[in-house]
Number of protein chains: 2
Amino acid sequence: MTKRVTVHDVARAAGVAIATVSRVANGVPTVAEDVRARVQAAIDELGWKPSMAAQSMRGVSARMVGFIFSDIRNPIYSSMVKGAESVLTEQGYMLMVASSDGSSERELALLDLFRQRGADGVIFAVQDESNSKVLAKVRSGSLPVVLLERELDAQVNAVGADHLRGTRQAAEYLISLGHRRIAMITGGRGNRVARDRLLGLQQAHEQAGLPVDPKLLRLDGFSADYAYRETQMLLGLSDPPTAIIGLGTPLLSGLLPAIRINNLRVPEDVSLIVSNDSELAQLATPPVSVIRYDAHALGDEAARILLRQLKGEIQPERTRIQIPTELVLRGSCAPPRTRR
Amino acid sequence: MTKRVTVHDVARAAGVAIATVSRVANGVPTVAEDVRARVQAAIDELGWKPSMAAQSMRGVSARMVGFIFSDIRNPIYSSMVKGAESVLTEQGYMLMVASSDGSSERELALLDLFRQRGADGVIFAVQDESNSKVLAKVRSGSLPVVLLERELDAQVNAVGADHLRGTRQAAEYLISLGHRRIAMITGGRGNRVARDRLLGLQQAHEQAGLPVDPKLLRLDGFSADYAYRETQMLLGLSDPPTAIIGLGTPLLSGLLPAIRINNLRVPEDVSLIVSNDSELAQLATPPVSVIRYDAHALGDEAARILLRQLKGEIQPERTRIQIPTELVLRGSCAPPRTRR
DNA sequence: TTGTACGCGTTATCAT
DNA sequence: ATGATAACGCGTACAA
């Protein structure tokens, strides 16, 4: 049970005052070279590390940022975390993580918790960007925040993928193959991502002079279960879709069994495009075409923006970074079967 | 730019001494009921929250634990993190995470970093449990540690899955189907998990009076690339395996394409069992049999043990928790094709 | 260039 | 039961 080594111990060992030790530790230039060497030797000798608690009391940043997501098990978030971590580590920051499990109450609590724990800022994948309490707290600026895949307004920095373009491209491609009844399954009704995706679908239809059938839109869930259920219902329609766009990583593992249980084949009976890319999409039979974007890069950029914000480099204007999407064609798309 | 609310502000507002405020905040019983109420009202009124920095200086725990893994993108680790987080949150703890990317230097640095940052303990998925420096640091007890899927010795608490039994069961099943040449691909040579897996394979063979062909053992990697390469080589042998056991989540996405590119079919030409379970294994064609264990439960148990250790409830004896494994049979196993 | 002394916001000890 | 006050370890203004 050895006591903690403090500045006093080092000062005594080096035969100087604690202020000098502090100066050496913080690289203050006004220290004689021989003294600096002696102090440094004492520091190394005793293995002294400044107490972060004491430093915090003096207002020194803890170099820590928080990351709020719904569930780290979604590979999209683990990739983002990894991306954020890689740039934060470089700058000596560490990462605290917490799941909201989709609850806005929890998100509010976490925001407070992070602030209370001295986080410098938060990277935040808001669940419901229309929740006014969360909105207010983020805007209040009590803690620097960078939003992931969401957008509140001009005051809050954000980074997200270009879902509008990605979805439009996918729909355009299906239309070019001859599809006229294209279903879309995704979740997060009312958030930025969902709005952009719907818009992309509509734009592609408009451009081709085609109508969007509201019955083919299933916009209320991100889970495999939801995809399974809705796909079943879609395929059971009297006028079923000839192509399905499934947006949200977990959806694919609901889509595939639902199609199979109906004894339908991809792409002969129904074409398929999903997002994001995954091993399952790559290795399914047939491999599934995807709208791909780099989640790691998203986390990376979010951390970069937050860090710049913390350094006061981008106060005035809001920054919004768009990560590009890419349509990767595999074996899951074909012209629609001619109607009987 | 409002100043922080402190005990002094609350004390002044309630007309008491700061000591009394502290007593109320910490639930010390020796406070008159009316005073307690008045102070509490002032606390709520001003929205005072004790500064964690100041508390830390007084030796109050920060209620924070660290989690070190190689890469959070491995679903095994994101599940563990989620499991750990769920029990930590309940107890008011938060989680700091960091990737080692497989580097022992980085692991050492992270252990120091976590201690310096006042973590109460660490959940640690050591990469190379034979690294003596990491070993020494963990054993030094400078920070309470619970090991994941590893075992140093009797002094350090650990939790892991029962890989010996899982692998033995898988091998026994393949042998019972008639397989005599069973290959095994996995990584982490020399760590507990790899040893147990190899032992399981050997035990199953011994029990059946069969030899293990060392040429069928590929024990040096966990990546999809490694699996792809080694599977190619295995299938190119003059006497190739009739079944492959691939242990490590990322391996499957290397195994599958390697088998396909050789124009072989599962299970007709080669049987397949992998670990851990994944969406890909469930939805591949055919679905792949797996040795399954609950990574979420593993993280959960690790956190529980760490918490008990922090409360001093399990000092004396080392605790080792075994999570059971389960052999889930799907369509990827069949009797070997009779030799031509 | 170096040293002394104060304050950060708590908790804990000692009086009262 | 309550109040005054001393630490905790650091950074820094000010004095030397």
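Remember, it's a predicted structure, so these values are computed and weren't measured experimentally. In the text below, chain A, chain B and the rest are named by the order of the sequence lines, each starting its count at 1.
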Task: Polar side-chain atom of A:E85 near backbone of B:S99 as donor-acceptor pair, under 3.5 Å - done: yes

Open item on the list: Could you check whether any side-chain N or O of A:D128 sits under 3.5 Å from a backbone N or O of A:S130, counting only pairs where one atom can act as donor and the other as acceptor?
Closed with: yes

Contact class for [X] (heavy atom, under 4.0 Å): base, sugar-phosphate, or nothing?
X: A:A19; answer: base
X: A:T20; answer: sugar-phosphate
X: B:V7; answer: base
X: A:H8; answer: nothing

TODO: Could you tell me which non-hydrogen atom of B:E107 sits nearest to which non-hydrogen atom of B:Q127, and how far apart they are?
DONE: OE2-N, 2.8 Å

Atom-pair distance ([atom1] on [X]; [atom2] on [N]), nearest Å:
X: A:D34; N: C:dT2; atom1: CG; atom2: C1'; result: 12 Å
X: B:R58; N: D:dT5; atom1: CZ; atom2: P; result: 17 Å
X: A:R23; N: C:dT1; atom1: CZ; atom2: C1'; result: 8 Å
X: A:K49; N: D:dC10; atom1: NZ; atom2: P; result: 12 Å
X: A:M52; N: C:dG9; atom1: CE; atom2: C1'; result: 17 Å
X: B:R12; N: D:dG3; atom1: CZ; atom2: P; result: 14 Å
X: A:E33; N: C:dT1; atom1: CD; atom2: P; result: 11 Å

Please pick, from [options], the nucleotide with the shortest atom-to-atom distance to any side-chain atom of [X].
X: A:T30; options: C:dT1, C:dG3, C:dG9; answer: C:dT1
X: B:P50; options: D:dG3, C:dT10, C:dG3; answer: C:dT10
X: A:V35; options: C:dT2, C:dT10, D:dG11; answer: C:dT2
X: A:M57; options: C:dC8, D:dT12, D:dC10; answer: C:dC8
X: A:I18; options: D:dG3, C:dT2, D:dG11; answer: D:dG11
X: B:A54; options: C:dT10, D:dG9, C:dT2; answer: C:dT10

Task: Short side-chain N/O contact to D:dG11 OP1/OP2 from A:Q55, under 4.0 Å - done: yes

- [ ] Give a yes/no answer on whether the side chain of B:S22 brings an N or O atom under 4.0 Å of OP1 or OP2 in C:dT11.
- [x] yes

Task: Heavy atoms from other residues, nucleotides or ligands near CD of B:Q116 exceed 12 (cutoff 6.0 Å) - done: yes

Open item on the list: To the closest 0.5 Å, what do you measure between CZ (B:R73) and OG (B:S78)?
Closed with: 11.5 Å

